[in-house]
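As structure tokens, the structure follows; a few thoughts come after it.
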2 protein chains.
Amino acid sequence: MTKPPGFDPRRTLTLRDVSEASGVSEMTVSRVLRNRGDVSDATRERVLEAARALGYVPNKIAGALASQRVNLVGVVIPSLSNMVFPEVLTGISDTLENTGLQPVVGVTNYSPEREETVIYEMLSWRPSGMIVAGLEHSDASRAMLAQAGIPIVEIMDIDGTPVDSAVGISHRRAGRQMAEAIIAAGYRRIAFCGTMMPYDHRAKKRLEGFEEALAKAGLTLADREFYSGGSALLKGREMTEAVLQRTPDVDFLYYSNDMIGAGGLLYCLDKGIDVPGRIGLAGFNGVELLDGLPRRLATMDACRLQIGRRAAEIIAGQHEGVIGGEVIELFPTLQPGDTIRGS
Amino acid sequence: MTKPPGFDPRRTLTLRDVSEASGVSEMTVSRVLRNRGDVSDATRERVLEAARALGYVPNKIAGALASQRVNLVGVVIPSLSNMVFPEVLTGISDTLENTGLQPVVGVTNYSPEREETVIYEMLSWRPSGMIVAGLEHSDASRAMLAQAGIPIVEIMDIDGTPVDSAVGISHRRAGRQMAEAIIAAGYRRIAFCGTMMPYDHRAKKRLEGFEEALAKAGLTLADREFYSGGSALLKGREMTEAVLQRTPDVDFLYYSNDMIGAGGLLYCLDKGIDVPGRIGLAGFNGVELLDGLPRRLATMDACRLQIGRRAAEIIAGQHEGVIGGEVIELFPTLQPGDTIRGS
DNA sequence: GTAAGGTATGTTACCGCTAACAGCCAGAGT
DNA sequence: ACTCTGGCTGTTAGCGGTAACATACCTTAC
């Protein structure tokens with residue numbers, strides 16, 4: 001593409017090259033390569049053979065421009081190192097596989113400005129649909145998405161107003177449920193450990209729901225600790241130590257994700273703290289990782305695979321002509337594990 | 001894009017719309033939006049204002065076709081759930097950020113056929129460069145890459161012949177080094193645990209190098225165990241248990257990655273096995289996760305971030321006109337951690 | 001025998017944008 | 001006065017495909 005324009009032995013091939021090599025018109029070659037319209041078997045063979053021999057790779061840019069059709073679906077997520085999003089992606093790819101649609105991923109690092117850029121870039125490729133994590137976006141982002149004239153699915157969260165469709169869980173409710181379970185089990189001095197990221201709206205909503213339920217029981221958070229960056233497992237240990245040192249009478253630790261929860265669990269076991277007797281623990285996400293831990297951490301799965309699948313289905317469905325604008329709420333299940341004492 | 005062609009209130013905008021709204025030619029609008037060529041400040045303002053007011057998003061498909069320039073770099077990796085690749089991606093994005101180039105990710109699930117499809121699809125978008133994990137590809141894949149006329153960088157591994165450039169480590173050497181360290185520490189009954197994936201060539205090469213070094217010391221693997229699918233941490237536990245049961249006199253376990261190594265470590269600690277006295281352990285990758293474990297697993301970092309950066313630099317460099325074809329070998333460092341006894 | 005209908009292929013006109021070049025005008029130089 | 005230069009804007013001709021229509025040929029039906 002950006003080769004010096006000098007002598008270029010094998011110029012980039014076009015339909016014309018294949019057409020000349022096989023003695024039919026470009027249009028017929030195009031038909032063969034796309035499997036569209038009637039072409040005689042003999043011609044088809046000849047064309048395919050010529051294309052193969054030349055090593056021709058069609059130019060989708062030209063094709064997309066001419067046909068006004070792009071088989072791409074933009075997927076905008078905040079991070080890849082979170083474990084959660086790769087799994088959502090898996091759900092999306094799996095479902096899209098048979099539709100001729102293809103996901104293209106963009107990462108925002110939890111930055112609204114970055115998100116705006118990513119969305120703009122993606123829309124400039126005129127995708128057939130967009131899947132965007134979260135409901136909180138800059139005004140410009142929302143406007144772009146709304147104007148794009150394609151199906152938009154916001155995923156992970158449903159506590160808010162989507163641009164078009166949404167698939168996710170209520171994080172507020174999830175936080176509330178966990179708090180209720182903890183209170184029902186008899187814990188009273190409850191602390192929270194989480195990420196500092198100001199733009200992790202879903203973690204924030206969980207905490208809000210959590211505190212709401214505490215308040216309803218006449219309780220408030222006994223302590224709270226935040227972190228950013230570094231090894232989540234290690235941070236989990238450190239935060240746990242910090243909280244237990246500062247507020248020794250804490251009897252429960254609610255973590256904003258399983259990874260730091262696992263760190264906390266390992267710390268407690270190391271220190272010989274009785275879990276869940278002296279201290280109970282809970283995380284969020286239901287990551288597979290936890291299966292290998294010495295004790296199963298209480299958690300709530302976030303329906304990641306499901307979310308990916310449903311979102312992709314909506315895009316694929318609208319791609320087929322259905323009208324959109326639906327909100328699909330999924331319901332996470334609480335997995336008590338071994339770190340909440342039986343109520 | 002694929003809306004029913006009926007009444008469409010806000011037809012998709014083009015340069016012409018902005019041009020009419022601002023009273024200048026399409027060409028001038030194009031110049032303003034790309035920041036190319038001279039445009040008077042007054043005109044620029046007017047155009048930008050009009051574009052903003054309309055919510056115009058340029059059509060890169062048309063732009064790319066006209067300019068024969070695509071600012072995309074295809075990145076082909078086997079998996080996203082491996083931890084390793086997201087980190088490589090981070091390195092790539094970071095470096096590409098300031099070059100105007102943008103990575104587009106494709107996942108192959110360790111399948112050569114899938115890889116072929118992904119490469120074909122990507123090339124059909126005429127990217128400015130391709131970064132592909134591994135050196136082992138189908139003949140067709142290699143041919144396509146070689147013919148594409150763009151910089152190609154194969155990453156992770158350098159034990160083989162690259163199509164164009166390569167950045168990575170020698171996995172064979174890495175395996176050998178680890179074996180030498182283990183032998184030097186006095187372990188003699190050494191077993192291996194790894195993934196079953198037939199197409200994880202890098203894990204295979206590590207094992208080959210490992211066995212080679214064992215052979216040189218007159219040793220052979222005391223046992224070996226493979227797994228596929230499931231929670232790596234859990235599998236690590238299970239495999240460790242299986243090996244220790246089958247071959248009780250094993251005194252060292254070499255894992256093909258840190259995650260299963262961590263599982264093995266947790267298992268040993270649970271069972272009260274003396275690590276590294278009775279049994280030594282080592283993994284591979286140097287994942288951040290390990291920092292939070294009760295004991296630091298011996299490992300070797302795979303230079304993931306570096307690999308991503310260097311690969312991106314090569315693409316960006318050639319994009320600027322430099323000629324390619326280099327092989328960059330990175331050298332992982334052995335991190336003995338706490339699971340090999342001091343030699 | 002001829003109209004009707006299908007099958008296989010070719011022709012034409014774009015898709016939305018940009019490279020390359022052409023024009024126009026004001027101020028500078030001689 | 002006249003060319004020359006440089007800053008700004010417009011015109012033309014594609015980029016490599018595909019939609020839509022046209023065409024030629026061959027059946028089949030009446």
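Residue numbers begin at 1 in each chain, while the letters A, B, ... track the order of the sequences.
- For the 3.5 Å distance criterion, the side chains of A:S40 and A:T43 qualify, holding a donor opposite an acceptor.
- At whole-Å resolution of the value, CG in A:L65 and C1' in D:dA19 are 13 Å apart.
- Between B:M27 and A:A64, the one whose closest nucleotide on DNA chain D sits nearer the 5' end is B:M27.
- If you check distances only, the side chain of B:R126 never reaches the base of D:dG16 with a donor-acceptor pair under 3.5 Å.
- Atom C1' of nucleotide D:dC8 and atom CG of B:D41 are separated by 12 Å, given to the nearest angstrom.
- Closest contact between the side chain of B:R31 and the listed nucleotides C:dT11, C:dA20, C:dA19 involves C:dA20.
- Across all strands, B:D38 comes closer than 4.0 Å to base atoms (heavy-atom distances).
- Heavy atoms only, all atoms of each residue included: A:T14 and A:D17 are closest at N-OD2, 2.8 Å.
- Taking the nucleotide of DNA chain D with the nearest heavy atom to each of A:R16 and B:R44, the more 5' of the two is matched to B:R44.
- Between the CZ atom of B:R36 and the P atom of C:dA19 there is a distance of 7 Å, rounded to whole Å.
- Ion pairing between B:E313 and B:R309 fails under the 4.0 Å rule for side-chain N and carboxylate O.
- The two residues B:E136 and B:D157 make their nearest non-hydrogen contact at OE1-OD2, 4.2 Å.
- Contact between the side-chain N/O atoms of B:Y56 and the OP1/OP2 oxygens of C:dG16 is not found at any separation under 4.0 Å.
- Residue contacts shown for A:R34 are limited to sugar-phosphate atoms, with no base heavy atom under 4.0 Å away.
- The separation between B:E26 atom CD and D:dG14 atom C1' is 14 Å, rounded to whole Å.
- Distances were taken from every side-chain heavy atom of A:S67 (C-beta onward) to each of C:dG16, D:dT18, D:dG10; the shortest belongs to D:dT18.
- In this structure, A:E20 atom CD and C:dG10 atom P are separated by 13 Å, rounded to whole Å.
- Look at A:S40 and you'll find a side-chain N or O under 4.0 angstrom from OP1 or OP2 of C:dT9.
- Set against C:dA8, D:dG17, C:dG16, the side chain of A:T14 has D:dG17 as its closest nucleotide.
- One side chain, A:E116 or A:S138, offers a donor N or O that lies under 3.5 Å from an acceptor on the other.
- As rounded to whole Å, 20 Å separates atom P of C:dG16 from atom NZ of A:K60.
- Nearest to the side-chain atoms of B:A66 among the listed nucleotides D:dT18, D:dG10, D:dG14 stands D:dG14.
- Rounded to an integer number of Å, the gap from A:L33 CG to D:dA19 C1' is 17 Å.
- Checking the phosphate oxygens (OP1, OP2) of D:dT9, a side-chain nitrogen or oxygen of B:T43 falls inside 4.0 Å.
- When rounded to the nearest whole Å, the span between CZ of B:R69 and P of D:dG16 equals 14 Å.
- Each of C:dC15, D:dG10, D:dT18 was ranked by its minimum atom distance to the side chain of A:Q68; first place goes to C:dC15.
- For the residue pair A:S93 and A:T90, no side-chain donor N or O sits within less than 3.5 Å of a side-chain acceptor on the partner.
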